[in-house]
Student: 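Before I ask anything, let me first share the structure, which is written out below as C-alpha coordinates.
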Amino acid sequence: AQKITQTQPGMFVQEKEAVTLDCTYDTSDQSYGLFWYKQPSSGEMIFLIYQGSYDEQNATEGRYSLNFQKARKSANLVISASQLGDSAMYFCAMREGNKLVFGAGTILRVKS
Amino acid sequence: KAGVTQTPRYLIKTRGQQVTLSCSPISGHRSVSWYQQTPGQGLQFLFEYFSETQRNKGNFPGRFSGRQFSNSRSEMNVSTLELGDSALYLCASRKTGANTEAFFGQGTRLTVV
(Lines give C-alpha, C1' and ligand atoms only; values in the text may rest on other atoms or scores of the structure.)
Protein backbone atom coordinates (compact mmCIF):
# COMPACT_ATOMS: atom_id res chain seq x y z
CA ALA A 1 0.00 0.00 0.00
CA GLN A 2 1.10 3.54 -0.69
CA LYS A 3 1.99 5.78 2.21
CA ILE A 4 2.51 9.53 2.32
CA THR A 5 4.29 11.28 5.18
CA GLN A 6 4.21 15.01 5.81
CA THR A 7 6.28 15.72 8.89
CA GLN A 8 5.59 19.44 9.25
CA PRO A 9 2.25 20.05 10.98
CA GLY A 10 2.64 23.80 10.54
CA MET A 11 4.92 26.29 8.85
CA PHE A 12 5.31 30.05 8.87
CA VAL A 13 6.81 32.07 6.05
CA GLN A 14 7.32 35.77 5.51
CA GLU A 15 5.46 37.30 2.60
CA LYS A 16 7.55 37.32 -0.62
CA GLU A 17 9.90 34.61 0.64
CA ALA A 18 10.09 31.02 -0.59
CA VAL A 19 8.98 28.04 1.48
CA THR A 20 9.44 24.29 1.12
CA LEU A 21 6.81 21.82 2.29
CA ASP A 22 8.11 18.30 2.82
CA CYS A 23 6.60 15.08 1.52
CA THR A 24 8.03 11.58 1.57
CA TYR A 25 6.31 8.55 0.16
CA ASP A 26 6.51 4.81 0.19
CA THR A 27 5.54 2.61 -2.72
CA SER A 28 6.67 -0.57 -4.38
CA ASP A 29 5.35 0.54 -7.77
CA GLN A 30 7.78 1.55 -10.48
CA SER A 31 5.30 3.87 -12.16
CA TYR A 32 3.46 6.31 -9.95
CA GLY A 33 2.37 9.89 -9.69
CA LEU A 34 2.48 12.45 -6.90
CA PHE A 35 0.05 15.31 -6.44
CA TRP A 36 -0.07 18.41 -4.31
CA TYR A 37 -3.33 20.04 -3.29
CA LYS A 38 -4.12 23.27 -1.44
CA GLN A 39 -7.10 23.49 0.88
CA PRO A 40 -8.09 26.98 2.01
CA SER A 41 -10.44 27.47 4.93
CA SER A 42 -13.38 27.27 2.52
CA GLY A 43 -12.76 23.53 2.24
CA GLU A 44 -12.27 23.05 -1.47
CA MET A 45 -9.22 21.03 -2.49
CA ILE A 46 -7.35 22.85 -5.24
CA PHE A 47 -4.99 20.89 -7.48
CA LEU A 48 -1.56 22.53 -7.66
CA ILE A 49 0.99 20.31 -9.34
CA TYR A 50 1.70 16.77 -10.52
CA GLN A 51 4.95 14.81 -10.79
CA GLY A 52 5.21 11.50 -12.60
CA SER A 53 7.83 9.00 -11.51
CA TYR A 54 9.29 8.82 -15.01
CA ASP A 55 9.26 12.56 -15.65
CA GLU A 56 12.79 13.62 -16.39
CA GLN A 57 12.37 17.13 -15.07
CA ASN A 58 10.91 18.47 -11.87
CA ALA A 59 7.39 19.78 -12.37
CA THR A 60 6.71 23.51 -12.26
CA GLU A 61 3.45 25.46 -12.35
CA GLY A 62 3.84 29.18 -11.92
CA ARG A 63 5.11 29.84 -8.39
CA TYR A 64 4.89 26.15 -7.51
CA SER A 65 7.65 23.68 -8.20
CA LEU A 66 8.45 20.19 -7.06
CA ASN A 67 11.81 19.12 -5.71
CA PHE A 68 11.51 15.47 -6.73
CA GLN A 69 14.22 13.13 -5.43
CA LYS A 70 13.23 9.65 -6.52
CA ALA A 71 16.03 7.78 -4.74
CA ARG A 72 15.09 9.44 -1.46
CA LYS A 73 11.36 9.03 -2.20
CA SER A 74 10.67 12.66 -1.55
CA ALA A 75 8.55 15.18 -3.46
CA ASN A 76 8.81 18.50 -1.70
CA LEU A 77 6.67 21.44 -2.80
CA VAL A 78 8.42 24.76 -3.19
CA ILE A 79 6.33 27.92 -3.21
CA SER A 80 8.25 30.95 -4.36
CA ALA A 81 7.41 34.57 -3.54
CA SER A 82 4.80 33.66 -0.93
CA GLN A 83 1.58 35.64 -0.86
CA LEU A 84 -0.95 36.12 1.91
CA GLY A 85 -3.42 34.09 -0.14
CA ASP A 86 -1.10 31.09 0.09
CA SER A 87 -2.13 30.61 3.71
CA ALA A 88 -3.90 27.24 3.66
CA MET A 89 -3.51 23.53 4.33
CA TYR A 90 -1.34 21.68 1.82
CA PHE A 91 -1.65 17.99 1.09
CA CYS A 92 0.68 15.65 -0.72
CA ALA A 93 -1.04 12.66 -2.32
CA MET A 94 -0.33 9.57 -4.37
CA ARG A 95 -2.65 7.50 -6.47
CA GLU A 96 -3.29 3.93 -5.37
CA GLY A 97 -5.47 2.27 -7.96
CA ASN A 98 -8.51 4.49 -8.39
CA LYS A 99 -8.13 6.39 -5.15
CA LEU A 100 -5.80 9.04 -3.74
CA VAL A 101 -3.85 8.42 -0.58
CA PHE A 102 -3.19 11.67 1.28
CA GLY A 103 -0.66 12.75 3.84
CA ALA A 104 -1.72 14.44 7.06
CA GLY A 105 -1.13 17.88 5.57
CA THR A 106 0.87 20.96 6.49
CA ILE A 107 -0.73 24.23 7.58
CA LEU A 108 1.07 27.16 6.00
CA ARG A 109 0.73 30.66 7.41
CA VAL A 110 2.12 33.60 5.44
CA LYS A 111 3.05 36.60 7.58
CA SER A 112 2.94 40.18 6.30
CA LYS B 1 -15.93 25.19 -17.73
CA ALA B 2 -17.92 24.43 -14.61
CA GLY B 3 -16.12 22.73 -11.75
CA VAL B 4 -17.28 19.96 -9.48
CA THR B 5 -20.49 20.95 -7.73
CA GLN B 6 -21.54 19.50 -4.40
CA THR B 7 -24.87 20.08 -2.74
CA PRO B 8 -25.78 20.96 -0.13
CA ARG B 9 -22.82 22.87 1.30
CA TYR B 10 -23.93 22.47 4.89
CA LEU B 11 -26.16 20.00 6.67
CA ILE B 12 -27.21 19.46 10.25
CA LYS B 13 -28.79 16.12 11.04
CA THR B 14 -29.83 14.23 14.15
CA ARG B 15 -28.38 10.89 15.22
CA GLY B 16 -30.25 8.03 13.62
CA GLN B 17 -31.35 10.00 10.58
CA GLN B 18 -30.11 9.37 7.09
CA VAL B 19 -28.61 11.83 4.63
CA THR B 20 -27.98 12.04 0.89
CA LEU B 21 -25.21 14.16 -0.60
CA SER B 22 -24.96 15.03 -4.27
CA CYS B 23 -22.03 15.59 -6.60
CA SER B 24 -22.03 16.80 -10.20
CA PRO B 25 -18.65 16.16 -11.86
CA ILE B 26 -16.89 18.23 -14.48
CA SER B 27 -18.41 17.61 -17.89
CA GLY B 28 -16.69 14.67 -19.56
CA HIS B 29 -15.33 13.22 -16.34
CA ARG B 30 -16.64 9.72 -15.78
CA SER B 31 -14.82 8.86 -12.57
CA VAL B 32 -16.25 10.21 -9.32
CA SER B 33 -14.71 9.57 -5.91
CA TRP B 34 -15.83 10.45 -2.41
CA TYR B 35 -13.66 11.24 0.60
CA GLN B 36 -14.37 11.92 4.24
CA GLN B 37 -12.24 14.49 6.03
CA THR B 38 -12.13 14.73 9.81
CA PRO B 39 -9.59 16.39 12.13
CA GLY B 40 -8.72 13.06 13.72
CA GLN B 41 -8.53 10.75 10.69
CA GLY B 42 -7.61 13.17 7.94
CA LEU B 43 -8.73 12.41 4.40
CA GLN B 44 -10.11 8.94 3.93
CA PHE B 45 -11.34 7.35 0.73
CA LEU B 46 -14.97 6.25 0.73
CA PHE B 47 -15.64 4.91 -2.77
CA GLU B 48 -15.11 5.49 -6.46
CA TYR B 49 -17.56 5.15 -9.32
CA PHE B 50 -16.97 4.86 -13.02
CA SER B 51 -19.70 4.42 -15.59
CA GLU B 52 -22.29 3.74 -12.89
CA THR B 53 -20.18 0.95 -11.33
CA GLN B 54 -18.45 1.08 -7.99
CA ARG B 55 -14.85 0.14 -8.62
CA ASN B 56 -13.36 0.70 -5.17
CA LYS B 57 -14.64 1.00 -1.66
CA GLY B 58 -12.79 2.21 1.38
CA ASN B 59 -12.91 0.79 4.87
CA PHE B 60 -16.26 2.19 5.96
CA PRO B 61 -19.32 0.42 7.36
CA GLY B 62 -22.22 -0.54 5.16
CA ARG B 63 -24.15 2.52 6.36
CA PHE B 64 -22.16 4.42 3.76
CA SER B 65 -23.32 3.80 0.23
CA GLY B 66 -23.30 5.54 -3.08
CA ARG B 67 -24.37 5.41 -6.65
CA GLN B 68 -23.64 7.01 -9.98
CA PHE B 69 -26.13 7.92 -12.66
CA SER B 70 -25.79 7.69 -16.43
CA ASN B 71 -24.85 11.39 -16.62
CA SER B 72 -21.98 10.69 -14.18
CA ARG B 73 -23.63 12.58 -11.33
CA SER B 74 -23.14 10.76 -8.06
CA GLU B 75 -24.84 10.57 -4.71
CA MET B 76 -23.69 9.18 -1.42
CA ASN B 77 -25.97 8.13 1.37
CA VAL B 78 -25.29 7.64 5.03
CA SER B 79 -27.94 5.85 7.03
CA THR B 80 -28.43 5.71 10.80
CA LEU B 81 -26.17 8.69 11.37
CA GLU B 82 -23.73 8.68 14.27
CA LEU B 83 -21.98 11.61 15.92
CA GLY B 84 -18.71 10.38 14.43
CA ASP B 85 -20.05 10.87 10.92
CA SER B 86 -19.67 14.63 11.37
CA ALA B 87 -17.14 15.56 8.73
CA LEU B 88 -16.42 17.37 5.49
CA TYR B 89 -17.39 15.12 2.60
CA LEU B 90 -15.49 15.84 -0.57
CA CYS B 91 -16.29 14.66 -4.06
CA ALA B 92 -13.69 14.53 -6.82
CA SER B 93 -13.95 13.85 -10.52
CA ARG B 94 -11.31 13.06 -13.10
CA LYS B 95 -10.84 11.86 -16.62
CA THR B 96 -9.76 8.29 -17.15
CA GLY B 97 -6.04 7.64 -17.17
CA ALA B 98 -3.50 6.35 -14.72
CA ASN B 99 -2.29 9.60 -13.24
CA THR B 100 -4.78 12.24 -14.20
CA GLU B 101 -5.41 14.80 -11.52
CA ALA B 102 -8.64 14.78 -9.56
CA PHE B 103 -10.67 17.96 -9.26
CA PHE B 104 -12.58 18.47 -6.05
CA GLY B 105 -15.78 20.21 -5.14
CA GLN B 106 -16.14 22.55 -2.19
CA GLY B 107 -17.46 19.76 -0.03
CA THR B 108 -20.51 19.20 2.12
CA ARG B 109 -20.00 19.87 5.78
CA LEU B 110 -22.19 17.46 7.74
CA THR B 111 -22.84 17.97 11.42
CA VAL B 112 -24.60 15.23 13.36
CA VAL B 113 -26.13 16.31 16.66
Side-chain angles (χ1 to χ4, degrees), chain A residues 1-10 23 25 27 29-55 59-62 64 66 68 70 75 77 88-107, chain B residues 3-6 8-11 21 23 26 29-51 53-60 66 68 74 87-111:
Chain A
Q2 328 286 42
K3 185 179 179 182
I4 298 286
T5 302
Q6 294 180 255
T7 57
Q8 307 153 312
C23 171
Y25 59 91
T27 180
D29 293 344
Q30 295 301 308
S31 176
Y32 53 88
L34 294 146
F35 304 82
W36 276 91
Y37 285 87
K38 170 185 177 182
Q39 187 178 41
S41 57
S42 61
E44 181 180 4
M45 298 280 281
I46 302 167
F47 167 73
L48 295 178
I49 196 167
Y50 165 78
Q51 179 79 48
S53 59
Y54 288 119
D55 292 343
T60 61
E61 287 288 346
Y64 305 108
L66 254 170
F68 182 50
K70 196 170 177 178
L77 177 70
M89 185 76 126
Y90 289 81
F91 291 96
C92 180
M94 171 180 275
R95 186 161 299 285
E96 181 178 278
N98 293 314
K99 69 178 183 183
L100 285 171
V101 176
F102 288 89
T106 297
I107 299 175
Chain B
V4 178
T5 304
Q6 289 188 248
R9 290 290 312 280
Y10 302 94
L11 267 178
L21 312 182
C23 172
I26 291 172
H29 289 191
R30 295 165 64 190
S31 169
V32 175
S33 300
W34 289 88
Y35 294 83
Q36 182 197 65
Q37 186 177 24
T38 59
Q41 299 297 318
L43 280 150
Q44 293 187 287
F45 171 76
L46 280 156
F47 24 66
E48 188 254 359
Y49 286 88
F50 180 82
S51 292
T53 300
Q54 186 184 90
R55 295 199 294 190
N56 286 92
K57 189 176 187 339
N59 189 24
F60 279 83
Q68 187 181 33
S74 177
L88 179 67
Y89 290 87
L90 290 161
C91 167
S93 76
R94 67 183 183 102
K95 297 179 183 178
T96 53
N99 281 307
T100 52
E101 63 268 32
F103 294 90
F104 285 79
Q106 289 190 295
T108 294
R109 192 167 293 280
L110 172 65
T111 303

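Proteins come first, then strands; the chains are lettered A, B, ... in the order of their sequence lines, and each starts at number 1. Predicted model, so just to flag it, every value in this text is computed and none were measured.
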Student: One pair to check against side-chain contact (heavy atoms from CB on, under 4.5 Å): A:K99 and B:N56. What are the steps and the verdict?
Tutor: CA-CA 8 Å; A:K99 69 178 183 183; B:N56 286 92; 5.6 Å; no
Student: Please state whether the side chain, the backbone, both or neither of A:F91 comes within less than 4.5 Å of a heavy atom of chain B.
Tutor: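 For A:F91, side-chain heavy atoms alone lie under 4.5 Å from chain B.
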Student: Where is the tightest heavy-atom contact between A:R95 and B:T100, given as atom of each residue plus distance?
Tutor: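 For A:R95 and B:T100, the tightest heavy-atom pair comes out as NH2-O, 3.2 Å.
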Student: Donor-acceptor check, side chain of B:Y35 to backbone of A:L100, threshold 3.5 angstrom: yes or no?
Tutor: yes
Student: Are there over 12 heavy-atom neighbours, none belonging to A:K3, within less than 6.0 Å of that residue's NZ?
Tutor: no
Student: With a 4.5 angstrom heavy-atom cut-off, could you sort out which part of B:Q37 is near chain A: side chain, backbone, both or neither?
Tutor: side chain
Student: Show, in sequence, the C-alpha distance, side-chain angles and deciding distance for B:R94 and A:F47, and conclude whether the side-chain contact (heavy atoms from CB on, under 4.5 Å) test is met.
Tutor: CA-CA 12 Å; B:R94 67 183 183 102; A:F47 167 73; over 6 Å; no
Student: Considering only heavy atoms, which portion of B:S33 lies under 4.5 Å from any heavy atom of chain A: side chain, backbone, both, or neither?
Tutor: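 The answer is the side chain of B:S33.
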Student: Need one label for B:E101: side chain, backbone, both or neither, based on atoms under 4.5 Å from any heavy atom in chain A.
Tutor: both
Student: Measuring from atom CG of B:L43 to atom CE of A:M89, what distance do you get when rounded to the nearest 0.5 angstrom?
Tutor: 8.5 Å
Student: Top residue by heavy-atom pair count (under 4.5 Å) with chain A, among B:G105, B:G42, B:A102?
Tutor: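 Of B:G105, B:G42, B:A102, B:A102 has the most heavy-atom pairs under 4.5 Å with chain A.
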